[in-house]
Amino acid sequence: MEPRGRPVLESALNRESAHFKANKDAWVALVREFKESLDKVRQGGGPKAVERQHQKGRLTARERIERLLDPGTEFHELMAFAGWGMYEEWGGAPAGGVITGLGTIAGKLWMIIANDATVKAGAFFPITAKKVIRAQTIALENRIPTVYLVDSAGVFLPLQDEVFPDQDDFGRIFYLNARMSALGIPQISAIMGNCVAGGAYLPVMTDVLIMTEGSGLYLAGPALVKAAIGQEVSSEELGGARMHHEVSGTVDFYEPTDEAALERIRKLAALYPPSRPAPWAEARKEPKEPLYPAEDLYGLVSPDGSRPYDLREVIARLVDGSEFLEYKGGYGETLVTGFARIGGYPVGIVGNQRLILKKRGRIEVGGVIYAEAADKAARFVLEVNQMGIPLLFLQDVTGFMVGKDSEQAGIIRRGAKLVNAVSNSVVPKITVILGGSFGAGNYALAGKAYAPRFIYAWPSAKYAVMGGAQAAKTLLELEVEKLRRQGKEPSDEELKALYERIKGRYEETLDPRYAAARLWVDGIIFPHETRKWIVKSLEACALNPEREPLRVGVFQV
């Protein structure tokens with residue numbers, strides 16, 4: 001029996017079913033593969049590069065972060081797969097050459113941005129700049145205090161044209177430094193190695209600047225100075241820590257070692273008062289664990305998306321006490337909407353129902369957004385904004401329904417209504433991609449273009465305009481037409497080989513590591529850790545008490 005007044009989700013999951021066991025077995029291999037990929041990323045530039053860093057008397061970026069955080073607390077690394085599979089002709093750029101994430105310093109949540117000097121001396125590849133900008137943007141939107149651990153040789157010159165000039169390139173970093181400072185977001189920098197050329201502005205534009213012995217801070221190094229103006233000068237005279245501390249006055253604190261600099265950061269961080277929380281966070285209650293184990297998610301959801309599942313079973317393993325107040329549960333059922341608490345915080349949830357539904361004599365396919373579901377979700381998003389609580393989107397979407405009936409029901413108009421509501425929503429949005437994220441469904445459920453505060457993907461996520469099979473057939477038709485214009489008629493065997501080649505090439509781009517490499521998601525997370533990541537994201541969102549008024553403009557009805 002359901003306790004009176006508590007809308008507890010009752011699980012009907014059969015852990016002994018063949019589907020449950022098959023799903024779980026498939027997940028074992030996938031999780032192992034992704035953990036191996038993550039381990040590879042975290043090796044940075046490799047053992048020899050780590051040894052070179054140690055020989056200079058310096059810690060690596062990951063060692064610095066570990067010592068900076070409060071003992072016993074966890075570092076929630078963001079964008080670990082940045083640059084995955086990119087820049088291979090230059091030796092690659094593991095993690096984009098910079099480590100970013102959320103950690104606890106002196107009892108408070110901070111964003112940490114640390115150059116990895118084991119990767120091309122911490123030089124900025126195009127993805128490095130974009131990753132730093134994304135971390136700063138998260139910090140700005142959520143008012144998260146930020147620490148920069150600087151150890152970089154500056155722009156990676158062979159790719160300077162892709163790093164330097166555009167709106168979201170290197171210069172945006174300093175723009176965001178200034179914007180964050182204007183909003184009163186604390187920023188502390190420690191130069192713990194090289195800091196040259198345009199990159200020198202980053203630490204100098206923060207609230208506090210620390211510099212370690214043996215580090216260098218200058219617009220142009222000794223060799224460039226000699227080439228430019230013929231002046232011969234040592235690195236220490238030009239931009240050493242003592243010079244900037246005692247002569248130029250640029251540095252606020254001089255420290256002899258990495259360890260001393262990290263301790264200085266901790267002492268400074270402890271001086272900042274706690275920020276005023278968002279109003280919705282003031283309503284936080286004591287968290288309650290879900291009634292069902294998170295490990296069930298591996299048996300519930302097939303990693304290849306081939307089997308239907310009840311989204312409510314997923315929600316029951318994410319929300320406090322498995323309590324979920326469903327909104328319009330009998331209408332527009334291919335989207336599930338409702339209210340819950342996660343980590344004690346109130347949230348509104350919108351997600352794709354993956355069951356095949358029989359409704360009024362018709363069958364509705366799970367994962368597809370029908371006209372009624374779009375209406376319901378748009379209305380729900382406005383309701384959540386009226387309440388002023390965060391929105392959590394759980395994506396496993398194949399897109400909007402197509403066909404005569406759907407068009408005559410106004411699917412475009414009603415879908416536009418949902419896109420409008422999500423676009424103009426002013427409450428924090430967090431998105432988790434469980435499976436498919438295809439076409440306009442990605443947009444309507446707060447994909448990256450719709451400014452979620454955080455966006456994550458499971459290893460099972462697939463990110464594209466359409467699925468691999470559909471896309472391959474479309475691309476095959478185009479390729480065959482091209483061949484026919486050249487007077488060639490492919491045989492059945494050639495058609496089959498061409499189809500498989502096109503499908504394989506397309507499906508490479510569906511891998512969530514491909515999306516994560518390009519920062520389309522903030523991280524790939526494992527299903528059993530989903531609740532933990534959502535809670536940490538809500539804690540970060542809670543640091544921003546400001547809320548804009550909701551305006552929706554011309555709203556389709």
Quiz prompt | Any donor-acceptor pair under 3.5 Å from Gln167 side chain to Arg172 backbone | solution = no
Exercise. Assess whether side-chain contact (heavy atoms from CB on, under 4.5 Å) is satisfied between Phe454 and Thr431, documenting all intermediate values.
Key: CA-CA 6 Å; Phe454 294 92; Thr431 302; over 6 Å; no
Quiz item: Under 6.0 Å from the six-membered ring centre of Tyr309 and within 45° of its axis: does the NZ or CZ of Arg307 meet both?
Solution: no
Quiz item: Is there side-chain contact between Leu445 and Tyr450, with at least one heavy-atom pair below 4.5 Å?
Solution: no
Self-check item: cation_pi(Lys130, Phe170) dist<6.0 Å, angle<=45
Solution: no
Quiz item: Taking NZ, NE, NH1 and NH2 as the nitrogens, is one of them in Asp511 or Lys462 under 4.0 Å from a carboxylate oxygen of the other?
Solution: no
Quiz item: Can you tell me if Ser460 uses its side chain to pair, donor with acceptor, with the backbone of Pro303 under 3.5 Å?
Solution: no
Quiz prompt | Pair Glu529, Tyr456: side-chain N/O donor-acceptor within cut-off below 3.5 Å | solution = no
Quiz item: Under 6.0 Å between the ring centres of Phe156 and Trp90?
Solution: yes
Self-check item: Neighbour count >12 (heavy atoms, 6.0 Å) for atom CZ, Arg179
Solution: no
Exercise. Would you kindly say whether Thr104 and Thr73 are connected by a side-chain donor-acceptor distance under 3.5 Å?
Key: no
Quiz item: Looking at side-chain heavy atoms only, is the closest gap between Ile112 and Thr100 below 4.5 Å?
Solution: no
Self-check item: Sidechain-backbone polar pair: Thr128 side chain, Gly96 backbone, donor-acceptor under 3.5 Å
Solution: yes
Quiz item: Is a donor on one side and an acceptor on the other found under 3.5 Å between the side chain of Thr398 and the backbone of Gly367?
Solution: yes
Quiz item: Are any of the side-chain nitrogens in Glu295 or Lys24 under 4.0 Å away from the carboxylate oxygens of its partner?
Solution: no
Practice problem: Would you kindly say whether Ser302 and Trp27 are connected by a side-chain donor-acceptor distance under 3.5 Å? | Solution: no
Quiz item: Glu63 and His54: side-chain donor and acceptor closer than 3.5 Å?
Solution: yes
Quiz item: Is there a side-chain contact between Arg284 and Pro287 (heavy atoms, below 4.5 Å)?
Solution: yes
Quiz item: Yes or no on side-chain hydrogen bond (donor to acceptor under 3.5 Å, both in side chains) for Ser275 and Arg143, after CA distance, side-chain angles and deciding distance?
Solution: CA-CA 9 Å; Ser275 59; Arg143 307 297 192 265; over 6 Å; no
Quiz item: Do the non-hydrogen side-chain atoms of Asn115 and Leu149 ever get within less than 4.5 Å of each other?
Solution: no
Practice problem: Give a yes-or-no answer on whether the side chains of Gln53 and Asp151 include a donor-acceptor pair shorter than 3.5 Å. | Solution: yes
Quiz item: What do you reckon, are the aromatic ring centroids of Tyr514 and Trp84 less than 6.0 Å apart?
Solution: no
Quiz item: Using 4.0 Å as the upper bound for N to carboxylate O, is an ion pair formed by Asp296 and Arg317?
Solution: yes
Quiz prompt | Heavy-atom pair of closest approach, residues Met180 and Gln187 | solution = CB-NE2, 3.6 Å
Practice problem: Test Leu68 against Phe75 for side-chain contact (heavy atoms from CB on, under 4.5 Å), laying out the working first. | Solution: CA-CA 10 Å; Leu68 179 61; Phe75 179 58; over 6 Å; no
Practice problem: State plainly whether the residues Glu263 and Arg67 are in salt-bridge range, i.e. N to O under 4.0 Å. | Solution: no
Self-check item: Any Thr146 side-chain heavy atom under 4.5 Å of Ile113 side chain
Solution: yes
Quiz item: Under the 3.5 angstrom rule, does the side chain of Asn544 hit a backbone N or O of Asn142 as a donor-acceptor pair?
Solution: no
Quiz item: Does the distance from a Lys or Arg side-chain N to an Asp or Glu carboxylate O, for Asp320 and Arg531, drop under 4.0 Å?
Solution: yes
Quiz item: Taking atom OH of Tyr443 as the centre, does the number of heavy atoms from other residues, nucleotides or ligands within less than 6.0 Å exceed 12?
Solution: no
Exercise. Taking atom types as modelled, find out whether Gln395 and Ser437 have a side-chain donor-acceptor pair closer than 3.5 angstrom.
Key: yes
Quiz item: Is the closest side-chain donor-acceptor distance between Tyr218 and Ser235 under 3.5 Å?
Solution: yes
Quiz item: What's the shortest heavy-atom distance between Leu209 and Val251, and which atoms?
Solution: O-CG1, 3.8 Å
Self-check item: Non-neighbouring partners of Gln43 that pass side-chain contact (heavy atoms from CB on, under 4.5 Å), sequence neighbours left out
Solution: none
Self-check item: Residue pair Glu539 / Tyr345, side-chain donor-acceptor N/O under 3.5 Å
Solution: no
Quiz item: Any side-chain heavy atom of Ile315 sitting closer than 4.5 Å to one from Ile349?
Solution: yes
Quiz item: Has the side chain of Lys429 got a donor or acceptor atom that lies under 3.5 Å from a matching backbone atom of Gly447?
Solution: no
Quiz item: Should the pair Asp70-Arg266 be classified as a salt bridge under the 4.0 Å nitrogen-to-oxygen rule?
Solution: yes
Practice problem: Apply side-chain contact (heavy atoms from CB on, under 4.5 Å) to Asp252 and Ile210, showing your working. | Solution: CA-CA 6 Å; Asp252 303 313; Ile210 301 162; over 6 Å; no
Self-check item: Qualifying residue, where the test is salt bridge (charged side-chain N to carboxylate O under 4.0 Å, His left out) with Asp258 and the options are Arg264, Arg64, Arg58
Solution: Arg64
Practice problem: Consider only side-chain N and O atoms of Asn177 and Tyr148, and report whether a donor and an acceptor are under 3.5 Å apart. | Solution: yes
Quiz item: Got a salt bridge between Asp310 and Arg354, using NZ or NE/NH1/NH2 to carboxylate O under 4.0 Å?
Solution: no
Quiz prompt | Within-4.5 Å side-chain heavy-atom neighbours: Val28 and Tyr298 | solution = no
